[in-house]
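Note sheet for the following structure.
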There are 4 protein chains.
Amino acid sequence: MRETGRAEKRARILEAASRVFASKGFFAATVAEVAREAKVADGTIYLYFRSKDDLLLRLVEARMNALCRAMQEVLAPIEDPVEKLSAFIRYHLEMVERSPEEAQVLIVELRQSGPDLKRELAELMRPYLAMLQRILEEGIARGVMRPLDPRAVRHAIFGALDEVALAWLLRGRRFDLAQNAEQLAELFVGGLAQTSPRSTP
Amino acid sequence: MRETGRAEKRARILEAASRVFASKGFFAATVAEVAREAKVADGTIYLYFRSKDDLLLRLVEARMNALCRAMQEVLAPIEDPVEKLSAFIRYHLEMVERSPEEAQVLIVELRQSGPDLKRELAELMRPYLAMLQRILEEGIARGVMRPLDPRAVRHAIFGALDEVALAWLLRGRRFDLAQNAEQLAELFVGGLAQTSPRSTP
Amino acid sequence: MRETGRAEKRARILEAASRVFASKGFFAATVAEVAREAKVADGTIYLYFRSKDDLLLRLVEARMNALCRAMQEVLAPIEDPVEKLSAFIRYHLEMVERSPEEAQVLIVELRQSGPDLKRELAELMRPYLAMLQRILEEGIARGVMRPLDPRAVRHAIFGALDEVALAWLLRGRRFDLAQNAEQLAELFVGGLAQTSPRSTP
Amino acid sequence: MRETGRAEKRARILEAASRVFASKGFFAATVAEVAREAKVADGTIYLYFRSKDDLLLRLVEARMNALCRAMQEVLAPIEDPVEKLSAFIRYHLEMVERSPEEAQVLIVELRQSGPDLKRELAELMRPYLAMLQRILEEGIARGVMRPLDPRAVRHAIFGALDEVALAWLLRGRRFDLAQNAEQLAELFVGGLAQTSPRSTP
DNA sequence: AATGAATGAGAGTTCATTCAT
DNA sequence: TATGAATGAACTCTCATTCAT
C-alpha cells in the first residue's frame, strides 16, 4: 500500500460517493455515510478531498473524463458527421443504460448545489459538450447539416438526452432506453438534414 | 386587511421564496432568509405553508398553473399542430426571458430535492408536458408529423428547452434567447417534418 | 351573556384544559389546543388566565375545591375516625373511577412542571391532605389509632392512593379499583389499629 | 483514554443530566444545559444517547439497576418476610436520604414525559417493584402476613415511599426521613400482621 | 497515513403570548 | 369582550470538519 494504495483508496472513496450520492442525492448524503460505504474513517475523506463539494466535483470530473474518452473512441472511426451525431446520441444513452448509478450522479445530482458549485460543475461538462458541438460544426461546414446555430443545437441535443435519461431513471428504468435513443437520433438527424437537395427533382 | 390580506401575504412569501431559492438554491436557502425577504417573522411562514418543502412545492405549483394557463391561451387560436409546436417552443423561452427569476425556480431548483420531493415536483409538471404531448399526437394523427414516439419526443423537446434556458441563466443571460428559440423551433419542426411527400414529384 | 357568560366561559376553558392536559400531558399540550377544544380564540384564554401555568394552577384549584367539598360531605355523618379513614380511602378511589380524566390531571400532570409551579401545586393540595391528617389526629387522640406520626402516615396514605390510581390509569383502567380500595382500607386500618388493648383479657 | 474514556464520558453526561433534570425538571431542562454541565459540546450528547428522551431513560435505567443491586444485597441475609419488608422500607428511604439528587430523578422527574416515555419508564421500575411483591407473596404464603392482594399492597407501599420522599425533597429535606421510615415500617408491618395469633393469650 | 471522537454553528420548526382589529 | 394572525425566542438535533492519538 504505497503509491497504488493511495490511488486505490481515492478511487474507492469516489465509488462510494457515487453510490451514496446516487441513492440519496448530494445534499441528503452525509460525508459519514460515504466514509462508511468506502470503509474508511470520516477524517480520511479529508486526506483525499478538500470538502464535500470537492468530492462531488472530483467525482463528476472522473466520470466526465471516462465518458469523454469512451465517446472519443466510439466516434473516431466514423467519418460522416451525420452518422457521428447519430452514434453520439445512441452511445450516450447506452452508457446511461449500462451504468445508471453513475449517470444518476451526472444527470440528477449535477445541479444540486449552490450557484458556485454549479458553475464549476458546468465547467467540467464543457469538453463533452465541445465534442458534440464540433460534430455539428463539421456537419455544417461540409454542407451535410443545415446551418443552424451549433451552440443552440448542442444545448438542445444535450438537454434532450439529459431529460430522457432523467425520465428513465425517475420512472425506475421501466421503458426501453435504446428505443428512445433511436427516436432521438432520427429526430435530430431529421431536424438537421439539408432539405433543399430533396426538393430538387 | 381581511381576505385580501391573507392572500397577499401568501403571495408575498411565495415571491420572496422565489427570489431566495433562485439566488441561493433551495437547499442553501434558509426559511429565515425567506422570512426576512418577505418581511414576516420566521413563524409566519408556517401559518401559510406546512414546511420548507411545501413552500417549494406550492411555489412550483403556482408558477406551473400560471404557465399552463398562459400557454393555453397562446395555443388556442392556432390550428396547425406544426405551428402550435413552433409557438410552444418560442413562447416557452419568451416566458423564461420575461421572468428569469421564476424560470430559475422551475428549471434549476426543480430537481434540488430528496427523491420524495422530486417525485411530487415531477407530478406538478405533468399538465404542461401533457400539453406538449397532445400537440405531437395530433400532428402525427393528422399526418403532418412523422410517427415518432410522442413521449420520447416530448422529453426531448422539454429537455432541450430546459437546457437552453439553463445555459442562458447560468451564463448571465448574455446571449439572445429569442434567436435560440427560432433555432430550436426550426430544428424540431424539421425533425418532425414528413419528408416522404416532398420526395414525390 | 354577562356575568354568567363570563363564569361559564371560564368553566368551559377549564373543562377543555382538563381534557387536553389529561390526554397529552401538561407540557405536550398547547394553549392553541385548549382554545380549540373550548371553542374560543387563542387569545381569549389570556383574558381569563394569566398564563399556561396559571391555567393548570386554577384547574387544579377548582378540582381540589370540588373534591374537598364532596369528601367533606361524605365524612360529615361518620363519627368513628377509623370508619372515617376507611371511607376516605374508598371514596377517593371511587372519585378516581368516576372521573378518570379529572383524576389524571390531579395525579399525573400535577408533577409535570418546573419546581416553582410544583410548589404552588403542592400548596393547593394542602386542604385535602389536612382533612386526612385531622382524621388521623382525632383517631390518635381518641385512642382508637396507634400514635404514629400523623404527618408521616398522611403522606403514606396519600402516596398509596396516588400510586394505585396512577397504576390504574396507566394500565388502561383494566383492574378493579373498588377492590383495591377495600384492600387499602384494610391495610391502613389494620396498620393503625390499637393492638395492645385487644390482647388484654 | 480508550475504553475507560468512553465510559467515563458517558457517566459524566449522565451525572450532569441527573443534576440538571433534578434542578429544573426534565422538560424545562435543555440539552445544551446538560452539555454545559458535563463540559462537552452539545453534539457530543448525541454520540452517547439517541435523544433527550433516551438520556432520561438511560439515566433512570442506571439508577434503577444500582438500586436493585443494593437492595438485593441488603435483603439477601434476611429470612423473615416481615423483617424483609421492614428493611425494604427503611433502606429505600435511607438511599433517598443518602443521594437525594438521584432520588429526585427517580421520584420526581420519572413521570414528567409524554405517555410513550412514561410507559418505558414504568417498565424500568418493574424489577424493583417485583422484588417488593415477592416479599409480600412469600409472607402470605408462609402465613406471616394477611392474605391481602399483593399487587395492591405493593402499589400502596411504593406510593407511600414515593410520596414521603417527595415531600421530604420538596420541603427542602427539613424533617427526619429515618424517623418517617420507622413509622412507615410499623404502619405497613402492622397492617399486614396476622391478627388472629394475638387473640391467643 | 489513518482514525473516529469531538466540536459547535446552524438548521427547521413550534408555540406561549401579544395586539390591531 | 373576543378574535386569531403575527411574532420571535428557544428548542432539539445534524453534520461538515478538525485534530489528538
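Just so you know, these numbers use all the heavy atoms, side chains as well, and skip hydrogens, waters and symmetry mates.
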Find the distance D/Ile13:CD1 to E/dA5:C1' and express it as a whole number of Å. 11 Å
Below the 4.0 Å mark, does E/dA2 have OP1 or OP2 next to a side-chain nitrogen or oxygen of A/Tyr48? yes
Are B/Lys9 and B/Thr44 side-chain neighbours, meaning at least one heavy-atom pair lies under 4.5 Å? yes
Assess the residue pair C/Val40 and C/Val34 against the criterion (side-chain contact (heavy atoms from CB on, under 4.5 Å)); give the C-alpha distance rounded to whole Å, side-chain angles, the decisive distance to 0.1 Å, and a yes or no. CA-CA 9 Å; C/Val40 298; C/Val34 173; over 6 Å; no
Derivation of the side-chain contact (heavy atoms from CB on, under 4.5 Å) call for B/Glu15 and B/Arg12: CA-CA 5 Å; B/Glu15 293 292 338; B/Arg12 215 168 74 219; 5.6 Å; no
How many whole angstroms separate atom CD of D/Glu8 from atom C1' of E/dA6? 16 Å
Pull out every residue in residues 32-41 of chain B that has a heavy atom closer than 4.0 Å to any atom of DNA chain F, ordered by number, or say none. B/Val40, B/Ala41
Please work out the stems of DNA chain E from pairs that are Watson-Crick or G-U wobble with both distances under 3.5 Å, keeping only runs of three or more consecutive pairs. E:2-21 with F:2-21
To the nearest angstrom, how far is A/Leu56 atom CG from F/dA16 atom P? 13 Å
Can you tell me the distance, in whole Å, between the CD1 atom of C/Ile45 and the C1' atom of F/dT1? 15 Å
Report yes if a side-chain nitrogen or oxygen of D/Lys9 is closer than 4.0 Å to either non-bridging phosphate oxygen (OP1 or OP2) of E/dA6; otherwise report no. yes
Using atom CG of B/Asp42 as one end and atom C1' of E/dT13 as the other, report the distance to the nearest whole Å. 10 Å
Rounded to the Å, how far apart are A/Leu55 CG and F/dT17 C1'? 14 Å
Pairwise 5' ranking along DNA chain E for C/Val31 and B/Val31, keeping only the more 5' one: B/Val31
Within 45° cone of D/Tyr48 ring axis and under 6.0 Å: D/Arg6 NZ or CZ: yes
Between C/Phe26 and C/Lys52, is there a cation-pi geometry (under 6.0 Å to ring centre, at most 45° from the normal)? yes
Select base, sugar-phosphate, or nothing to describe what C/Thr30 touches, counting heavy atoms under 4.0 Å on all strands. sugar-phosphate
Scanning both residues in full, the closest heavy-atom pair of D/Val20 with D/Ala29 reads CG1-CB, 3.6 Å
One should read off an interatomic distance between B/Met64 CE and B/Leu121 CG, to the nearest 0.5 angstrom, of 10.5 Å
In whole Å, I'd like the distance from the CZ atom of D/Arg10 to the C1' atom of E/dA6. 18 Å
Would you mind checking if B/Glu33 and B/Arg36 are paired as a salt bridge, meaning a charged N to carboxylate O distance below 4.0 Å? no
From CD (C/Gln104) to OG (C/Ser99), nearest 0.5 Å: 12.5 Å
Whole angstroms only, please: what is the CG-P distance between C/Asp54 and E/dA16? 14 Å
Can you tell me if the side-chain N/O atoms of D/Lys52 get under 4.0 Å from OP1 or OP2 in F/dC11? no
Earlier contact from the 5' end, DNA chain F, for B/Leu47 and A/Thr44: B/Leu47
